[in-house]
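The figures that follow rest on heavy atoms only: side chains count, while hydrogens, waters and symmetry mates do not. Quick note on labels: first sequence line is chain A, next is B, and so on, each numbered from 1. All of these numbers come straight from a predicted model, not from anything done at the bench.
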Amino acid sequence: MTSFSAPKGVPDYFPPTSASFLAVREALAEPARLAGYGYVELPVFEETALFARGVGESTDVVSKEMYSFNDRGERSVTLRPEGTAGVMRAVIEHGLDRGQLPAKLYYAGPFFRYERPQAGRYRQLQQVGVEAVGVDDPALDAEVIAIADAGFRSLGLTGYRLDITSLGDGSDRPQYREKLQAFLAKLPLDEATRTRANLNPLRVLDDKRPEVRALMDDAPLMLDHLAAETRAHYEQVKGYLDDLGVKFTENPRMVRGLDYYTKTTFEFVHDGLGSQSGIGGGGRYDGLMEQLGGQPLSGVGFGLGVDRTLLACQAEGLTPGDVTRCDVYGVPLGETAKSRLVGLSGELRAAGVRFDLAYGGRGMKGAMKAADKSGARYALVLGERDIEAGVAQLKELATGDQQAVPLTDVVTTVRKALDR
RNA sequence: GUGGGUGUAGCUCAGCUGGCAGAGCACUGGGUUGUGAUCCCAGGUGUCGCGGGUUCAAGUCCCGUCACUCACCCCA
């Protein structure tokens with residue numbers, strides 16, 4: 001019989017790591033709720049054209065990393081590679097852009113990119129994201145960045161930094177782009193890089209290869225070519241970040257892989273995860289709504305990588321969500337005792353006590369061993385003698401102290417012992 | 001898509017120049033009646049990734065193949 005393995009590049013999480021995974025996702029989402037963002041639950045797949053138009057045909061994500069397929073009705077659909085396009089589609093479709101603005105939304109869930117897997121790079125990845133749509137206020141850029149920062153900080157992470165820059169917009173980027181292209185044309189670049197330079201010249205700026213990096217030393221930078229208006233916007237974002245106490249590094253060579261970004265862009269970088277160092281990123285996307293058939297409204301948001309943030313936590317020795325999964329462990333001796341403990345399990349759990357018991361008819365010794373491994377604070381031992389006496393033995397595992405508790409008082413006694 | 005590394009027990013791995021497949025951890029049972037963590041004893045599993053080749057003999061050498069992994073590209 002052949003067995004199965006998970007699809008290539010897809011992580012499985014199980015205890016205890018899965019508890020950390022959930023805790024990370026929660027920690028990243030909580031600051032968004034505190035800032036008035038409402039949860040949206042959106043489909044995991046969309047019409048392929050949405051991403052092609054929203055994310056941009058020239059991006060790697062669209063041109064070679066999408067999980068696309070035809071459904072039974074011969075419609076081309078794609079497992080979402082990122083969140084913003086889908087949120088914008090929903091905003092437009094349901095008219096949220098006609099209500100009070102900004103519309104502030106957050107989401108969490110899986111995304112898919114068909115890439116060669118690597119440390120911290122998966123074909124199914126989890127992100128937490130926010131989008132603030134409809135108001136072009138630099139304070140919103142700063143708010144979004146501060147939300148992400150608060151999430152990372154609440155996990156206890158310290159080994160990350162925040163890079164920010166401005167990519168300009170329609171008013172100044174085309175001129176800059178030409179200037180950069182002229183500069184690149186004079187460089188001795190290999191063919192792959194040359195192709196990339198033609199597709200999106202900005203991308204060559206953050207090439208990791210030292211030889212390319214050296215060539216780019218004198219490259220013109222967008223930050224030096226911002227129009228007065230985009231520069232003012234950028235300066236205000238930085239000012240608000242100072243107000244918020246969010247520390248950042250200006251990185252004029254930072255580039256984002258999605259076409260829709262304008263003005264402010266940012267990236268959170270951590271050193272502990274191998275080569276894939278970005279744990280979150282985002283920015284402003286002022287042309288996207290219109291591009292997708294909506295009103296010409298601005299927007300700003302981010303996507304944070306849950307998997308990578310978990311790796312960052314592990315690199316820093318943090319174990320979020322590290323709680324014992326059992327308070328009391330039942331040790332039944334014999335069928336009558338087992339039946340009584342099964343009954344008690346319902347009552348205890350209803351009272352908020354995490355209760356587990358030895359299933360499978362293990363002996364006393366094995367059951368006690370299991371109690372120990374469960375991490376429970378107490379073992380609840382029940383045998384024939386106890387039942388005759390109308391009691392159960394409550395044993396504190398750390399100290400070995402044991403007391404007989406009347407069976408009718410077990411729930412209240414346990415709750416008192418656990419202080420809840 | 002392009003390079004490098006690794007495939008041996010459930011997990012982490014050892015196995016030198018070919019000569020009977022191993023350790024630690026984990027798991028299970030036991031160390032006289034109904035008490036765990038420590039300690040002692042016992043126990044099991046292997047198509048040595050798969051297919052071919054060389055050889056008296058292959059986990060070990062050669063060829064192919066698949067998988068995993070790290071890195072480039074790119075990104076969360």
Side-chain angles (χ1 to χ4, degrees), chain A residues 2-3 5-11 24-25 28 55 58-65 80-84 108-129 148 152 190 192-193 195-196 199-200 203-204 206-210 212 254-258 267-270 273-282 302-312 329 331-334 337 358 360 362-387 392-402:
Chain A
T2 54
S3 57
S5 56
K8 191 183 180 75
V10 171
V24 167
R25 195 167 60 188
L28 294 180
V55 179
S58 72
T59 61
D60 282 22
V61 166
V62 169
S63 65
K64 57 182 197 192
E65 296 173 3
R80 60 184 186 185
E82 60 92 54
T84 304
F111 295 86
F112 306 84
R113 292 184 198 169
Y114 193 89
E115 305 180 85
R116 272 294 268 280
Q118 196 176 320
R121 193 175 74 184
Y122 308 116
R123 289 186 171 183
Q124 176 174 324
L125 55 119
Q126 291 262 349
Q127 285 189 12
V128 171
F152 294 132
D190 62 276
T193 311
T195 311
R196 208 143 42 88
L199 223 51
N200 183 351
R203 294 241 212 111
V204 187
D206 72 343
D207 199 301
K208 281 186 201 164
R209 293 167 296 181
V212 178
M254 184 178 65
V255 177
R256 312 245 65 229
L258 312 181
E267 188 164 42
F268 288 85
V269 181
H270 195 280
L273 5 162
S275 179
Q276 308 305 315
S277 51
I279 53 175
F302 64 59
L304 310 181
V306 177
D307 311 84
R308 286 191 186 172
T309 302
L310 177 57
L311 288 174
Y329 197 94
V331 177
L333 300 167
R362 317 166 61 123
M364 176 84 189
K365 184 168 177 155
M368 284 303 293
K369 238 178 193 174
D372 189 51
K373 289 203 175 101
S374 76
R377 194 158 149 204
Y378 294 97
L380 188 66
V381 181
L382 189 65
E384 301 298 334
R385 294 208 300 258
D386 303 308
I387 293 172
Q393 306 294 330
L394 187 65
K395 178 172 187 175
E396 184 166 12
L397 291 166
T399 60
D401 295 343
Q402 182 168 315

Cation-aromatic face contact R123(A)/Y114(A), 6.0 Å, 45 degrees: yes

[X]: which residues meet the side chain to side chain contact (heavy atoms under 4.5 Å, CB included) condition with it, sequence neighbours left out?
X	value
L333(A)	M364(A), V381(A)
S374(A)	C326(A), Y329(A), A376(A)
A392(A)	L380(A), L382(A), L407(A), V410(A)

Taking the [atom1] atom in each of [N] and [M], what is the distance between them to the nearest angstrom?
N	M	atom1	result
rA14(B)	rA9(B)	C1'	13 Å
rC48(B)	rU2(B)	P	31 Å
rU6(B)	rG10(B)	P	23 Å
rA37(B)	rC20(B)	C1'	39 Å
rA67(B)	rC50(B)	P	15 Å
rG15(B)	rA21(B)	C1'	8 Å
rG51(B)	rG59(B)	P	13 Å
rU45(B)	rG31(B)	P	24 Å

With a 3.5 Å cut-off and heavy atoms only, can you find an N or O donor on one side and an acceptor on the other between the side chain of E115(A) and the base of rA76(B)? yes

Go along nucleotides 34-49 of chain B 5' to 3' and tag each nucleotide: B for a protein heavy atom under 4.0 Å from its base, S when only backbone or sugar atoms are that close, - otherwise. BBBB------------

Mark up nucleotides 64-70 of chain B, 5' to 3', with B wherever a protein heavy atom is under 4.0 angstrom from a base atom, S wherever such an atom reaches only the sugar-phosphate, and - elsewhere. ----S-S

Sugar-phosphate, base or nothing in reach of Y122(A), heavy atoms under 4.0 Å: base

Who are the ring-ring contact (aromatic ring centres under 6.0 Å, His included) partners of Y122(A), not counting sequence neighbours? none

Can you list the residues that meet the salt bridge (Lys or Arg N to Asp or Glu O under 4.0 Å) rule with R203(A), with sequence neighbours excluded? D60(A)

Go through the structure and list residues passing salt bridge (Lys or Arg N to Asp or Glu O under 4.0 Å) with E65(A), not counting sequence neighbours. none

Is there a donor-acceptor pair closer than 3.5 Å between any side-chain N or O of R80(A) and the backbone N or O of F111(A)? no

Taking the side chain from D307(A) and the backbone from Q126(A), do they hold a donor-acceptor pair closer than 3.5 Å? yes

My understanding is that only residues two or more places apart in sequence, or in another chain, count here; which of them pass side chain to side chain donor-acceptor pair (under 3.5 Å) with D207(A)? R196(A), R209(A)

What pairs with S58(A) under side chain to side chain donor-acceptor pair (under 3.5 Å), at least two apart in sequence or on another chain? D259(A)

What protein N or O atoms touch nucleotides 7-12 of chain B N or O atoms at under 3.5 angstrom, if any, and at what distances?
none

Working to the nearest 0.5 Å, report the span between CD of Q393(A) and CD of Q402(A). 4.5 Å

When rounded to the nearest 0.5 Å, the distance separating CD of Q127(A) from OG1 of T84(A) is 8.5 Å

Stems involving RNA chain B: give each as a range paired with a range, ordered by first number, where a stem means at least three consecutive Watson-Crick or G-U wobble pairs under 3.5 Å. B:1-7 with B:66-72, B:10-13 with B:22-25, B:27-31 with B:39-43, B:49-53 with B:61-65

Below 4.5 Å, heavy atoms only, C-beta onward: do L258(A) and R256(A) meet side chain to side chain? no

Judged by each residue's nearest nucleotide on RNA chain B, which is more toward the 5′ side, E267(A) or G366(A)? G366(A)

